[in-house]
Amino acid sequence: MPRLTLDERRFIAAKMAEGVGYAEIARRLGRPTSTVSREVARNIGTRGYQPEQAERRTRERGRRPKSVKPAGPDDVTRTVSEYEAKMIEVLIEKGMPRMAARVLACLYVTDSESLTAAELVRRLKVSPASVSAAVRFLDNLGMIKRVHDGRRHRYLADDDAWFRSSVASGLTMERWARTAHEGAELFGDSLPGERLAKMALFLDHFTRDLMGVAEKWRHLLAP
């Protein structure tokens with residue numbers, strides 16, 4: 001499919017400003033939703049999505065010399081494997097147990113819509129009990145979805161998980177902000193009061209921005 005034109009990029013920017021979701025923008029352009037979402041993700045910056053800047057970046061990428069040797073099946077497998085390992089380490093750094101991180105990363109990089117517990121066991125080369133504990137942990141966190149195909153349960157990465165996680169973080173910070181406000185009032189015009197007042201001010205603004213951005217992106221990614 002031909003690359004996006006500058007007029008199409010300007011249309012995307014205009015409709016995003018109106019709050020129109022990616023799926024609807026793509027429908028009006030006659031493009032796949034993934035084309036629009038990838039375009040924005042690749043070119044969004046601190047000032048949002050700028051169509052002229054996106055056009056310039058695309059032209060620059062097109063002028064870069066391409067490798068004369070195409071990647072073979074082994075190269076692709078190694079790249080996917082390396083990426084999966086990197087994703088696992090990032091999840092572990094965020095406090096997720098290793099097996100749960102391995103299962104979640106597997107569900108994200110698989111080319112299947114969903115996987116059964118048995119398929120996860122084969123792919124990860126671990127025991128059924130390990131997979132069972134990991135999917136239970138992820139299910140309780142709301143990071144994956146469990147569906148039934150009539151014979152067995154299947155698991156898939158939940159597209160709304162990061163939105164819910166962001167909202168949960170925002171609600172936690174709102175509680176911190178309220179506590180900081182109470183402390184600032186209690187200590188009044190003193191060094192502790194000044195510290196807590198600054199903390200409350202930061203958390204008020206940060207939480208409001210976080211919740212606003214989460215809601216905006218959920219709307220844009222809605223089908």
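For clarity, every value in this text was computed on a predicted model and none was experimentally measured.
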Mind checking the [atom1]-[atom2] spacing from [X] to [Y]? Nearest 0.5 Å is all I need.
X	Y	atom1	atom2	answer
Gln50	Glu55	CD	CD	13.5 Å
Leu171	Met211	CG	CE	4.5 Å
Glu82	Met87	CD	CE	16.0 Å
Thr207	Arg178	OG1	CZ	10.0 Å
Arg59	Leu6	CZ	CG	8.0 Å
Arg102	Ile92	CZ	CD1	9.5 Å

[Y] and [X], any side-chain heavy atoms less than 4.5 Å apart:
X	Y	result
Leu196	Glu182	no
Thr116	Val121	no
Phe163	Glu215	yes
Asp204	Glu174	no
Met16	Ile25	yes
Phe137	Met96	yes
Cys106	Leu120	yes

What are the two closest non-hydrogen atoms of [X] and [Y], and how far apart are they?
X	Y	result
Leu203	Trp176	CD1-CB, 3.6 Å
Val131	Ala117	CG1-O, 4.0 Å
Leu138	Ala100	CD1-O, 3.5 Å
Ala105	Leu91	N-CD1, 4.5 Å
Tyr155	Leu107	O-CD2, 3.4 Å
Gln53	Asn43	OE1-O, 4.2 Å

Would you say the side-chain atoms of [X] pair up with the backbone N or O of [Y], donor to acceptor, closer than 3.5 Å?
X	Y	answer
Asn140	Arg136	yes
Arg154	Ser114	yes
Thr35	Arg31	no
Arg10	Pro51	no
Ser132	Pro128	no

Are any of the side-chain nitrogens in [X] or [Y] under 4.0 Å away from the carboxylate oxygens of its partner?
X	Y	result
Glu89	Arg98	yes
Glu39	Arg3	no
Lys15	Glu18	yes
Glu24	Arg28	yes
Arg164	Asp158	yes
Arg123	Glu119	no

Are side-chain N/O atoms of [X] and [Y] paired as donor and acceptor at under 3.5 Å?
X	Y	result
Arg9	Thr58	yes
Tyr108	Glu84	no
His205	Arg208	yes
Ser169	Thr172	no

Same apolar cluster: [X] and [Y], side chain cutoff 4.5 Å:
X	Y	result
Leu4	Val36	yes
Val90	Val109	no
Tyr83	Leu124	yes
Phe206	Val167	no
Leu115	Leu156	no

